Participant: 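My questions all concern the structure below.
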Amino acid sequence: MPSTPERPTRVRLDRKGGPILVDGPVEVVTEDGVTHFSHRPTVAVCTCRRSARYPWCDTSHRARAPKKADAPDCPEEEPR
């Protein structure tokens with residue numbers, strides 16, 4: 001279903017290093033000029049370039065995700 005003024009294409013950004021989620025179907029043209037097409041209702045487009053299925057996200061970014069700010073570097077000791 002192509003986007004229209006009544007139903008524009010929706011793009012969701014996640015600033016945590018994940019993919020860009022796009023309401024499909026979608027056509028992506030990579031920098032080398034190759035066109036990739038997906039008929040899925042929502043498509044995850046890779047932004048980290050770690051995906052083996054680039055330009056589609058395969059969650060490879062999770063393997064190198066930065067530690068959460070509130071996560072301790074080592075497990076806390078139990079009180080004695």
Side-chain angles (χ1 to χ4, degrees):
M1 175 183 301
S3 63
T4 64
E6 296 81 28
R7 188 182 183 281
T9 299
R10 178 175 296 163
V11 177
R12 283 167 266 176
L13 301 177
D14 180 3
R15 295 183 182 259
K16 297 175 186 152
I20 295 175
L21 299 178
V22 181
D23 286 349
V26 67
E27 181 177 275
V28 174
V29 180
T30 54
E31 47 284 326
D32 58 0
V34 177
T35 302
H36 303 269
F37 191 82
S38 176
H39 294 282
R40 293 178 159 228
T42 302
V43 178
V45 179
C46 176
T47 59
C48 70
R49 300 190 59 85
R50 293 183 186 122
S51 176
R53 298 180 52 225
Y54 186 80
W56 315 123
C57 178
D58 66 0
T59 68
S60 293
H61 61 275
R62 292 180 184 169
R64 293 191 184 183
K67 290 183 180 181
K68 293 181 181 177
D70 60 341
D73 289 336
C74 58
E76 292 182 25
E77 293 181 21
E78 292 186 29
R80 295 181 182 188

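Worth saying up front: this structure is predicted, and the values here are computed from it rather than measured. Values below: all heavy atoms of this structure, side chains included; hydrogens, waters and symmetry mates excluded.
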Participant: Just jot down the ring-ring contact (aromatic ring centres under 6.0 Å, His included) partners of Tyr54, sequence neighbours excluded, or say none.
Facilitator: none

Participant: By side chain to side chain donor-acceptor pair (under 3.5 Å), which residues pair with Thr35, not counting sequence neighbours?
Facilitator: none

Participant: Apply side chain to side chain contact (heavy atoms under 4.5 Å, CB included) to Val28 and list each qualifying residue two or more places apart in sequence or on a separate chain.
Facilitator: Val26, Val45, Pro55, Trp56

Participant: Hey, could you give me each pair passing salt bridge (charged side-chain N to carboxylate O under 4.0 Å, His left out) that has a residue in residues 35-47? Not counting sequence neighbours.
Facilitator: none

Participant: I need the minimum non-hydrogen distance between Arg50 and Cys46, along with the two atoms involved.
Facilitator: N-SG, 4.0 Å

Participant: Checking Glu31 now: which residues fulfil salt bridge (charged side-chain N to carboxylate O under 4.0 Å, His left out) with it, not counting sequence neighbours?
Facilitator: Arg49

Participant: Compare every heavy atom of Pro19 with every heavy atom of His61, then report the nearest pair and how far apart it is.
Facilitator: CE1-CD, 3.6 Å

Participant: Residues in side chain to side chain contact (heavy atoms under 4.5 Å, CB included) with Thr42, at least two apart?
Facilitator: Arg12, Leu21, Asp23

Participant: For Ser51, check side chain to side chain donor-acceptor pair (under 3.5 Å) against everything at least two apart and list the hits.
Facilitator: Asp58

Participant: Can you tell me how far CZ of Arg62 sits from SG of Cys57, rounded to the nearest 0.5 angstrom?
Facilitator: 7.5 Å

